Amino acid sequence: MQESTLQANYTLNTTIGEIVAADYRTAKVFETHGIDFCCGGKVALSAICQEKGINPDTLLRDIAAIKMEQIDRSQNYSSWELPFLVDYIVNTHHAYLKENDVKIATYAQKIAGVHGAHHPEVVEIATIFQKIATDMAAHLLEEEEVFFPAVKRADAERKNGNSPSKEDSNVIKESLAKLGREHEEIGDAIHAIRRLSKDFALPKDTCNTFMITYQMLKEFEDDLHKHVHLENNILFPKASQL
Ligand SMILES: [Fe+2]
Ligand SMILES: [Fe+2]
């Protein structure tokens with residue numbers, strides 16, 4: 001791999017998360033190659049290429065090509081002001097979770113009851129998802145009641161040329177570590193569901209509820225990836241600099 005083929009602003013040691021945070025358009029490339037840019041975004045480009053058996057040159061060419069596409073400012077998250085980014089996360093991703101977590105858990109329990117005997121994996125999926133739903137409710141509460149307000153206050157202080165209060169500094173520091181750990185746990189859990197469901201492949205002998213549950217689980221994973229990407233790769237690094 002020639003260094004000259006790399007993008008000017010990053011190297012093979014740059015992490016996937018950093019690349020997507022710097023340019024949201026590159027997310028599409030990683031998705032196409034089946035690379036997790038959010039929960040697993042802390043992995044360097046070189047390591048992920050080795051793990052997935054992808055030629056780094058191919059990946060870099062695809063990234064370079066997508067960077068030729070026009071930038072859509074409505075999706076250029078890293079350029080947004082922190083309070084706007086926080087509100088966006090709450091109004092889109094948190095709203096989605098509040099509306100769907102319990103619904104998906106109920107559906108998963110239902111198919112576990114009906115199909116569990118022939119498909120033991122769905123019993124395990126229902127148990128894992130129930131834990132995700134419970135953990136997620138506490139996680140959202142901590143973000144909305146504790147972390148996000150502290151970030152907004154610290155950002156306002158910064159704009160006035162002041163340092164954040166000692167209390168907010170401590171809250172932000174502690175929350176960053178805790179919330180980051182929880183993202184990893186929830187990410188691992190949804191990836192375990194993907195494995196158990198064999199990438200949400202529908203067995204032949206199943207019903208509509210089964211199909212709807214798998215569709216909802218896939219949609220949940222999709223939303224989680226975008227949500228965790230915005231927090232892990234954009235919001236958290238900015239918050240840690242407050
Ligand atoms: Fe969140
Ligand atoms: Fe979060």
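Counting starts at 1 for both ligands and their atoms, following the listed order. Values reported hereafter were calculated over all heavy atoms of this structure, with side chains retained and with hydrogens, waters and symmetry mates removed. None of the values given here were measured: they were computed from a predicted structure.
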List the atom pairs, with distances to 0.1 Å, where a side-chain N or O of residues 119-131 and a protein N or O form a donor-acceptor pair under 3.5 Å, not counting sequence neighbours.
| residue | atom | partner | partner atom | Å |
| --- | --- | --- | --- | --- |
| His119 | ND1 | Glu121 | OE2 | 3.4 |
| His119 | NE2 | Asp205 | OD1 | 2.9 |
| His119 | NE2 | Asp205 | OD2 | 3.3 |
| Thr127 | OG1 | Val123 | O | 3.0 |
| Lys131 | NZ | Asp135 | OD2 | 2.6 |

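- The Fe ion (ligand 2) has His139 NE2, Glu143 OE2, His183 NE2, Glu231 OE1 as its protein N, O or S neighbours under 2.8 Å.
- More than 12 heavy atoms of other shown residues, nucleotides or ligands fall within 6.0 angstrom of atom CD in Glu144.
- For Lys238, the NZ atom is densely surrounded, since the number of other residues' heavy atoms within 6.0 Å is greater than 12.
- Using a 4.5 Å heavy-atom threshold, the side chains of Lys152 and Glu157 count as separate.
- The backbone N or O of Lys218 sits nowhere less than 3.5 Å from a side-chain atom of Asp222 that would complete a donor-acceptor pair.
- Under a 3.5 Å cut-off, the side chain of Thr15 and the backbone N or O of Ala44 do not form any donor-acceptor pair.
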